[in-house]
Asks: 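Would you mind keeping the following structure in view while I ask a few things?
Heads up: numbering here begins at 1 and tracks the sequence.
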Amino acid sequence: MSWMLLRDFLSGVNKYSTGIGRIWLTVVFTFRLLIYMVAAEHVWKDEQKEFECNIRQPGCENVCFDYFFPISQVRLWALQLILVSMPSLLVVLHVAFHEGREKRYRKKLYVSLGMMDGGLWYTYLISLIVKIGFETGFLVLFYKLYDGFSVSYLMKCDLKPCPNTVDCFMSKPTEKTIFILFMVITSCLCIVLNFTELSLLVFKCLIKCYFKTLKSSMCEQPNLRYIECGEIGTSLLLQKHHSASTINTPQ
């Protein structure tokens, strides 16, 4: 699989991300994608051939390996990286759709295509929620499939066609456990970053709505129009003051 394509794709999302979103991209590039490409794939290489049981019964090792590892841990990790990165495609498609509309109508339809406001804000928010869901779901799935986040060096199997309970041994269990724990820590870090970014966006939106409501309520008060409502409110207030002065002037 060409991971460079995924890297280039995520790099295009970078210019539409917030500061925390750029930190998330750095974590995905440096501590997840790069580690996977450089080290993890080699550690899990030919894992089924290196899985040995203390019996030579035909088919016994294959059945036991399939029971303990229904899906390869490193492939599950790769699937997680792909699905976690895909929600960012929503942001790119949103901006591309608006760019296409502007080219079609040959005029400026939006103030800023990359501005975190309006439709882009909702799209970005949805992508964060989907990322958190994928990250959490894969951690739970990983824990359920392998009974934890560690690789045991000894596994006992009594499935047919094994004639009795046999001992099976996994190669490099300590090294694999270290990589799995590293994967879990980086996943948790990404969840924290996504949740922080989500909370920050919602908080900023609430603050913005609050001040917008406050401004509208102040504009409705005649005595405060000159403060919040600009030159029109100011001129109206001056006109009223001038009229009142003219009426009260003694003849």
Side-chain angles (χ1 to χ4, degrees), residues 1-14 17 20-52 61-92 127-155 168-198:
M1 176 181 179
S2 179
W3 291 102
M4 295 298 105
L5 180 63
L6 182 61
R7 183 203 64 183
D8 296 338
F9 161 69
L10 290 176
S11 298
V13 184
N14 191 43
S17 302
I20 300 177
R22 293 186 179 95
I23 297 176
W24 177 84
L25 286 171
T26 302
V27 172
V28 172
F29 280 146
T30 308
F31 298 105
R32 300 184 74 174
L33 186 57
L34 188 61
I35 294 297
Y36 177 89
M37 293 170 57
V38 173
E41 282 186 316
H42 299 286
V43 173
W44 269 269
K45 188 176 182 181
D46 295 331
E47 55 181 326
Q48 186 169 0
K49 292 181 180 180
E50 298 173 349
F51 182 83
E52 296 182 354
E61 287 187 356
N62 291 335
V63 171
C64 292
F65 181 84
D66 184 70
Y67 174 77
F68 290 116
F69 303 99
I71 180 174
S72 174
Q73 294 167 326
V74 72
R75 291 187 180 92
L76 187 63
W77 191 357
L79 182 62
Q80 180 183 6
L81 284 173
I82 294 172
L83 292 181
V84 165
S85 303
M86 285 301 101
S88 300
L89 180 63
L90 295 173
V91 180
V92 177
S127 70
L128 290 176
I129 295 173
V130 175
K131 286 177 187 177
I132 294 173
F134 276 137
E135 294 279 17
T136 306
F138 270 98
L139 287 179
V140 174
L141 178 63
F142 203 100
Y143 186 87
K144 293 292 185 180
L145 281 177
Y146 308 113
D147 294 328
F149 298 116
S150 62
V151 178
S152 177
Y153 71 93
L154 174 62
M155 303 172 185
C168 298
F169 303 90
M170 192 68 188
S171 66
K172 298 177 282 189
T174 304
E175 187 176 12
K176 290 178 179 179
T177 299
I178 292 173
F179 274 101
I180 290 173
L181 291 177
F182 182 83
M183 180 271 292
V184 172
I185 292 172
T186 53
S187 295
C188 292
L189 178 59
C190 288
I191 291 174
V192 171
L193 289 173
N194 287 328
F195 185 78
T196 304
E197 188 177 15
L198 178 67

Asks: Carefully, step by step, assess Lys176 and Met170 under the rule side chain to side chain contact (heavy atoms under 4.5 Å, CB included).
Replies: CA-CA 10 Å; Lys176 290 178 179 179; Met170 192 68 188; 2.9 Å; yes
Asks: Give the C-alpha distance, both sets of side-chain angles, the deciding distance and a yes or no for side chain to side chain contact (heavy atoms under 4.5 Å, CB included) between Lys49 and Ser171.
Replies: CA-CA 9 Å; Lys49 292 181 180 180; Ser171 66; over 6 Å; no
Asks: Side-chain contact test, heavy atoms from C-beta onward, threshold under 4.5 Å: evaluate it for Phe179 versus Val74 and give yes or no.
Replies: no
Asks: Parallel under 30°, tilted from 30 to 60°, perpendicular over 60°: which one fits the rings of Phe68 and Phe51?
Replies: tilted
Asks: Please report the interatomic distance CG(Asn194) to CD1(Ile23), rounded to the nearest 0.5 Å.
Replies: 11.5 Å
Asks: Which atoms form the tightest heavy-atom contact between Val43 and Lys172, and what is the distance?
Replies: O-NZ, 3.2 Å
Asks: Tell me if a side-chain donor or acceptor on Asp66 pairs with a main-chain N or O of Asn62 at a distance below 3.5 Å.
Replies: no
Asks: What is the ring orientation for Phe69 with Tyr146, classed by angle as parallel under 30°, tilted 30 to 60°, or perpendicular over 60°?
Replies: tilted
Asks: Can you tell me if Phe31 has over 12 outside heavy atoms packed within less than 6.0 Å of its CZ?
Replies: no
Asks: Locate the shortest heavy-atom distance separating Phe149 from Thr177; write the atom from each residue and the value.
Replies: O-CG2, 4.1 Å
Asks: Inspect the surroundings of OH in Tyr143 and state if more than 12 heavy atoms from other residues, nucleotides or ligands are less than 6.0 Å away.
Replies: no
Asks: Would one find more than 12 heavy atoms of other residues, nucleotides or ligands at under 6.0 Å from atom OH of Tyr67?
Replies: no
Asks: For Trp24 and Leu193, work out which heavy atoms get closest and say how close.
Replies: CA-CD1, 3.9 Å
Asks: For a quick test of reading the model, state the closest non-hydrogen atom pair linking Arg32 to Cys190 and the distance between them.
Replies: NH1-SG, 3.3 Å
Asks: Please test Met86 against Phe134 for side chain to side chain contact (heavy atoms under 4.5 Å, CB included), starting from the C-alpha separation and ending with a verdict.
Replies: CA-CA 10 Å; Met86 285 301 101; Phe134 276 137; 5.8 Å; no
Asks: Would you find a donor on one side and an acceptor on the other, under 3.5 Å apart, between the side chain of Lys131 and the backbone of Pro87?
Replies: no
Asks: Check step by step if side chain to side chain contact (heavy atoms under 4.5 Å, CB included) holds for Tyr153 and Thr174.
Replies: CA-CA 8 Å; Tyr153 71 93; Thr174 304; over 6 Å; no
Asks: Look up atom CE in Met155 and atom SG in Cys168, then write down how far apart they are to the nearest 0.5 Å.
Replies: 8.5 Å
Asks: Which value, rounded to the nearest 0.5 Å, describes the distance between Ile178 atom CD1 and Ser150 atom OG?
Replies: 12.0 Å
Asks: Please report the interatomic distance CG(Leu139) to CD(Gln80), rounded to the nearest 0.5 Å.
Replies: 6.0 Å
Asks: Using a 6.0 Å cut-off, check whether atom CZ of Phe195 has over 12 heavy atoms from anything other than its own residue.
Replies: no
Asks: Testing Ile180, Thr186, Ile185 one by one against Phe182 for a side-chain contact (heavy atoms from CB on, under 4.5 Å), which residue passes?
Replies: Thr186
Asks: How far does CG of Leu76 sit from CD1 of Ile71, to the nearest 0.5 angstrom?
Replies: 5.0 Å
Asks: Hey, are the side chains of Gln73 and Phe142 touching, using non-hydrogen atoms and a 4.5 Å cut-off?
Replies: yes
Asks: Quick check for you: to the nearest 0.5 Å, what is the distance between Ile191 atom CD1 and Thr136 atom OG1?
Replies: 4.0 Å
Asks: For Thr30 and Val27, indicate whether the former's side chain and the latter's backbone hold a donor-acceptor pair under 3.5 Å.
Replies: no
